[in-house]
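Written out below as structure tokens is the structure these notes cover.
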Amino acid sequence: MDTSSTTSLLNANGTPFSTTKRYDGDIQKLNAVYKKNYQSFDDLGTKGGIAYPTGYFTYSNNKNSATDQEALIAEIVVKVNQLGHSEIRKVDSGHMVLGCYVIGVTYSAELWKRITPYIDVLAPQHFSETHKINPVVKATGLPALLSDQVFGNVYPEALLKAGRTPGPVPDHLDRRVLYHLLSRRLAADPDFVGVSFCACLHDNAHTVAAYDRGQPGFFTIDNEPRSKTIATAQEANEFIYKHVRQPLGETAIKKLDEDYHETITAYQAISKRRNAFLGEQ
């Protein structure tokens with residue numbers, strides 16, 4: 001979720017979301033924070049727009065402004081999850097609601113608790129050591145399904161040199177290695193009930209503007225199957241289904257975790273060396 005530079009402090013009905021309470025009904029307190037000259041909160045509702053820093057979860061350096069910004073994002077997050085839950089339940093009372101995934105960051109414990117009534121499963125994006133899921137699982141009582149998890153991309157040399165290469169690995173064999181390691185790591189963890197891997201069916205063409213990342217799929221751009229990659233995914237997916245209800249102990253999970261992260265570190269070192277070499281050409 002990006003925070004727009006022209007984000008309004010308004011609810012959908014045009015009223016300030018909780019600004020009146022936050023400033024004790026005193027518009028001058030808000031004016032002092034934002035260097036504005038509104039005559040009232042109604043005036044803010046009619047004319048208002050508050051500028052926040054652009055960027056993914058980038059907050060203002062002003063403490064009061066950052067607090068407002070965080071509160072506004074929280075209101076949006078709650079409303080989005082409320083809406084999704086309500087609309088899904090209209091057509092399917094038994095549908096599993098995953099909620100919106102959060103890429104690369106996490107919500108506060110308070111916000112997770114606020115949206116818990118509207119989701120059945122937590123859906124963090126990417127396996128994160130910075131924002132561990134275990135505290136959230138404990139706080140909410142909900143299991144997690146890892147969403148959009150990368151397992152390595154193989155890129156043409158031109159893209160490697162240009163640097164538009166998220167999650168690079170040396171070869172398609174290495175994608176299979178990561179898929180295998182991740183399936184074991186996640187199936188062993190009692191906090192996770194499953195994973196959705198980030199994968200293309202076919203290779204993205206790196207010569208077309210809309211698909212200039214060259215991400216690899218289970219089929220080549222010429223529709224030839226990558227049979228070994230497909231077989232690895234099938235085997236790993238079957239393993240997850242069989243073992244996700246049989247989590248391992250902390251020591252075993254730690255070993256699997258180390259195997260995965262050591263492999264990632266090795267691939268990153270290779271990618272860094274390749275980029276340095278290509279940059280000299």
Side-chain angles (χ1 to χ4, degrees), residues 98 101 103-104 121 123-129 144-189 192-244 246 248 253 255-279 281:
L98 301 182
Y101 63 58
I103 179 171
V121 179
Q125 184 181 22
H126 299 169
F127 189 68
S128 174
E129 288 301 304
L145 186 146
L146 196 63
S147 62
D148 206 30
Q149 172 63 40
V150 296
F151 62 101
N153 292 321
V154 181
Y155 296 99
E157 185 175 313
L159 283 184
L160 287 173
K161 189 171 184 178
R164 300 194 305 273
T165 53
V169 295
D171 188 79
H172 286 279
L173 173 58
D174 303 307
R175 300 180 74 223
R176 295 167 57 201
V177 170
L178 289 185
Y179 205 116
H180 173 84
L181 290 174
L182 276 165
S183 68
R184 268 64 183 168
R185 168 65 182 85
L186 295 169
D189 196 323
F192 288 101
V193 294
V195 57
S196 168
F197 283 108
C198 176
C200 300
L201 183 60
H202 292 84
D203 288 357
N204 282 173
H206 65 281
T207 57
V208 180
Y211 300 99
D212 64 352
R213 293 172 64 183
Q215 288 177 292
F218 288 100
F219 292 79
T220 71
I221 198 70
D222 297 316
N223 205 35
E224 293 295 326
R226 289 196 168 91
S227 301
K228 292 182 179 180
T229 302
I230 293 171
T232 296
Q234 289 174 329
E235 184 275 332
N237 293 349
E238 183 179 358
F239 180 90
I240 291 173
Y241 279 120
K242 286 183 177 179
H243 295 276
V244 73
Q246 302 167 7
L248 301 180
I253 293 175
K255 178 62 170 62
L256 290 168
D257 195 74
E258 289 173 350
D259 288 346
Y260 168 69
H261 283 97
E262 285 174 3
T263 305
I264 285 289
T265 300
Y267 291 157
Q268 288 173 340
I270 293 171
S271 298
K272 184 177 180 180
R273 178 54 53 196
R274 285 182 167 187
N275 289 342
F277 170 76
L278 292 171
Q281 303 305 299

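Index from 1, following the sequence.
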Side chains of [X] and [Y], heavy atoms from C-beta outward: is any pair under 4.5 Å?
{"X": "Y260", "Y": "L182", "value": "yes"}
{"X": "P170", "Y": "R274", "value": "yes"}
{"X": "L98", "Y": "S147", "value": "no"}

Working to the nearest 0.5 angstrom, can you tell me the gap between [X] [atom1] and [Y] [atom2]?
{"X": "L178", "Y": "L173", "atom1": "CG", "atom2": "CG", "value": "10.0 Å"}
{"X": "F277", "Y": "E157", "atom1": "CZ", "atom2": "CD", "value": "7.5 Å"}
{"X": "F151", "Y": "S183", "atom1": "CZ", "atom2": "OG", "value": "11.5 Å"}
{"X": "N275", "Y": "K161", "atom1": "CG", "atom2": "NZ", "value": "11.5 Å"}
{"X": "N153", "Y": "S271", "atom1": "CG", "atom2": "OG", "value": "10.5 Å"}

Kindly give the heavy-atom pair with the smallest separation between [X] and [Y], and that separation in Å.
{"X": "F218", "Y": "A199", "value": "CE1-CB, 3.6 Å"}
{"X": "L145", "Y": "S196", "value": "CD2-N, 4.0 Å"}
{"X": "D174", "Y": "Y267", "value": "OD1-OH, 2.8 Å"}
{"X": "L248", "Y": "L256", "value": "CD1-CD1, 4.0 Å"}

Counterpart residues, salt bridge (charged side-chain N to carboxylate O under 4.0 Å, His left out), relative to D257 (two or more places apart):
R185

What pairs meet the side-chain hydrogen bond (donor to acceptor under 3.5 Å, both in side chains) rule with one or both residues in residues 223-239, with sequence neighbours excluded?
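As it turns out, the side-chain hydrogen bond (donor to acceptor under 3.5 Å, both in side chains) pairs with a partner in residues 223-239, which skip direct neighbours, are H172-R226, R176-T232, Y179-N237, R184-E235, H202-N223, D203-R226, E238-K242.
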
Does the D189 side chain pair with the main chain of L186, one donor and one acceptor, at a distance under 3.5 Å?
no

